[in-house]
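Heavy-atom basis, side chains included; hydrogens, waters and symmetry copies ignored.
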Amino acid sequence: MRGGSAMSTTVTGSPPGGRTASHRRGSAAQAAPRARRRFRLPRASTTPGKLWLVRSSLVIVCLAWGALATLMVIQHASAAHDAAATDETLSLDAQQIYQSLADADVTVSTAYLYGRTGPDADRVRYQHDIAVAAADLKVATAASGSSSVGASLSTLSAALPVYTGYVEDGQIYNSLGYPAGGSFIQVASEEMHVTMLPAARSVYAQENTQLMRASAQATGLPLAVITLVAGLLVLVLLFRTQRWLSRRTHRTVNVGLGLASLATIAALIWLVVALAGGRSDLLQATTHGSVPAQTLAQADITALQARGDQTLNLISRTGDANFQQDFHAAQTRLSSGLSSASAQSASDGAGQIAAAGHTATAWFAVNQRAQQLDAAADYGAETQLEIGSGPGTAGTLFSQLESDLEAAINAGQTVFASNAAAGSGAFDGLEAGIIALAVIMAVGCGWGLTRRLAEYR
């Protein structure tokens, strides 16, 4: 009986495992639609759908604006740094190469007029000029990445030993009393004026152009204006979103959107302050620093050319009218350059430029008397007037003019260095700050709208 009862129970009852499997299949069938409903995007026509679209759009817009602002800051900061640190240095090196070479040529030509043995001071000055030119040439060659500048620098590197060789031969022959010494000095000067100075002028012009390009990029407005206008549009979009959300949810303030708005305002204010301050400093550096310094450097080069023409005229003893024409043309350019530099320069350099102008006027007057002596073939008196060391001589006045021009150039370079450093410093930390604020904007938008969206689930 017990066995039958047990068997009956086994046959008529349902297995526990069967009931569990059936129940699980039913539960899974019911859970699948719920899971699909949970992960399905809300329709765009519903309020949750609109919230989802607005949240996604605001996050993308904030990150996109942050990328644009970061790119703009990187471009301006990089250009400002290049203008202040790299391009200005190369421009000065190129300028000094030209001035050193021109001064070396003038010094050698003037020393020859003293006779067999020139003054020790002139020999030391010539050696110093050549050493400075060689050192600057090495620095410029190492830093140059332009093929055109590289070609001019290669020309200078090849011509410099040729020039110094001619000078050495001329000094040797001159010390022995041979007339060939003057011929070697003239050949050396021809090498300088035909080959070396044009190459040095090309290097200087190209490096100066690069400096102006970097300064223009650092102070350029198009991309900065686009970035600021885009930032204002983002701010308007955040404001309108908050108004729309307030009408929908009857809540006055959304903390996330408010945080994003504050981050946007902070980013825009920081950008405006940095761009305005940096641009003002860099424009000051260019307008009252590098531009007058370059104008004065050209004036100095012109003075050196005029001095060289005058001494070569004495060496050749030909009274060639071309020397006089070249000198008068140089006199006109020098006067014009000093006037332009005076108008461009800041107050710090105005005194030096005024002093250079007075000295140049006196130097022109002395050279006018020297030309009259040259026309009368009074070469002895002309030579003493040109190379004499007493007051009122051309040599003394030219040395004073060189000192005045150097002081004025240094004043312009000081103005550039201080203002360019301030302009470059205006962008310090701005890139990282803009990235951080853009992330805060995006996170604020995402967080603020996600809280509202969760209320519909």
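Of the possible polar contacts, one joining the His76 side chain to the Met72 backbone as a donor-acceptor pair under 3.5 Å is found. Put simply, the side chain of Thr295 gets close to the backbone of Val291: a donor and an acceptor are under 3.5 Å apart. For the pair Ser57 (side chain) and Val54 (backbone), a donor-acceptor distance under 3.5 Å is absent. Side chain of Thr70 to backbone of Gly66: a donor-acceptor contact under 3.5 angstrom is found. For Ser78 (side chain) and Gln75 (main-chain N/O), no donor-acceptor pair under 3.5 Å exists by modelled atom type. Distance alone, capped at 3.5 Å, is enough to place a donor-acceptor pair between the Asn419 side chain and the Val415 backbone. With hydrogens and angles ignored, the 3.5 Å screen pairs no side-chain donor or acceptor of Ser424 with any backbone N or O of Ala420. In terms of modelled atom types and a separation under 3.5 Å, the side chain of Ser342 and the main chain of Leu338 share no donor-acceptor contact. No side-chain donor-acceptor contact under 3.5 Å links Ser336 to the backbone of Thr332.
When all heavy atoms of Gly446 and Arg55 are compared, the closest pair comes out as O-CD, 3.7 Å. Looking at every heavy atom in both residues, Val366 comes nearest to Thr393 through CG1-C, 4.1 Å. Between Ala159 and Glu191, the closest heavy-atom pair is CB-OE2, 3.6 Å. In plain terms, the two heavy atoms of Ala230 and Leu68 that are nearest each other are CB-CD2, 4.3 Å. The minimum heavy-atom distance linking Ala263 with Ile440 is given by the pair CB-CG2, 3.8 Å. The two residues Ser157 and Thr141 make their nearest non-hydrogen contact at OG-OG1, 4.5 Å.
Side-chain atoms of Ser189 and Asp105 form a donor-acceptor pair, as typed in the model, at a separation below 3.5 Å.
Looking at heavy atoms from C-beta onward, Leu101 lies in side-chain contact with Leu156 at the 4.5 angstrom threshold. By the 4.5 Å heavy-atom criterion applied to side chains, Leu257 and Leu58 are counted as neighbours. Pro391 is not listed as a side-chain neighbour of Thr396, based on a closest heavy-atom distance of 4.5 Å or more. Between Gln294 and Tyr204 there is a side-chain heavy-atom pair separated by less than 4.5 Å. Using a 4.5 Å heavy-atom threshold, the side chains of Tyr163 and Ile130 count as touching. Between Val73 and Trp270, the closest side-chain pair of non-hydrogen atoms is not below 4.5 Å. With a 4.5 Å cut-off on side-chain heavy atoms, Tyr98 and Asp136 do not count as touching. Under the 4.5 Å side-chain criterion, counting only non-hydrogen atoms from C-beta, Leu296 is not in contact with Asp300.
Around the CD atom of Gln127, the shell of radius 6.0 Å holds more than 12 heavy atoms that belong to other residues, nucleotides or ligands. Environment of OH in Tyr166: sparse, with no more than 12 heavy atoms of neighbouring residues, nucleotides or ligands closer than 6.0 Å. Counting heavy-atom neighbours within 6.0 Å of Gln368 CD, excluding the residue itself, gives a total above 12.
Taking the ring-ring contact (aromatic ring centres under 6.0 Å, His included) definition, one finds that Trp363 meets it with Phe327, Phe398, sequence neighbours left out.
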Check: Going through the checks in order, is the side chain to side chain donor-acceptor pair (under 3.5 Å) test met by Ser202 and Gln206?
Finding: CA-CA 6 Å; Ser202 176; Gln206 292 179 70; 2.8 Å; yes
Note to self: Determine whether Leu449 and Leu245 satisfy the following criterion, side chain to side chain contact (heavy atoms under 4.5 Å, CB included), listing intermediate values before the conclusion.
What the structure shows: CA-CA 9 Å; Leu449 291 172; Leu245 195 61; 3.8 Å; yes
Next item on the list: Check the pair Thr110, Arg307 against side chain to side chain contact (heavy atoms under 4.5 Å, CB included), reporting the backbone distance first and the verdict last.
Entry: CA-CA 9 Å; Thr110 303; Arg307 179 66 171 168; 4.0 Å; yes
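The side-chain hydrogen bond (donor to acceptor under 3.5 Å, both in side chains) contacts involving residues 401-410 comprise Thr359-Asp404, Gln400-Asp404, where partners must be two or more places apart or lie in separate chains.
For the atom pair Ile353 CD1 and Ile409 CD1, the distance stands at 9.5 Å (nearest 0.5 Å).
Salt-bridge check for Asp120 with Arg123: passed, with a basic side-chain N closer than 4.0 Å to an acidic carboxylate O.
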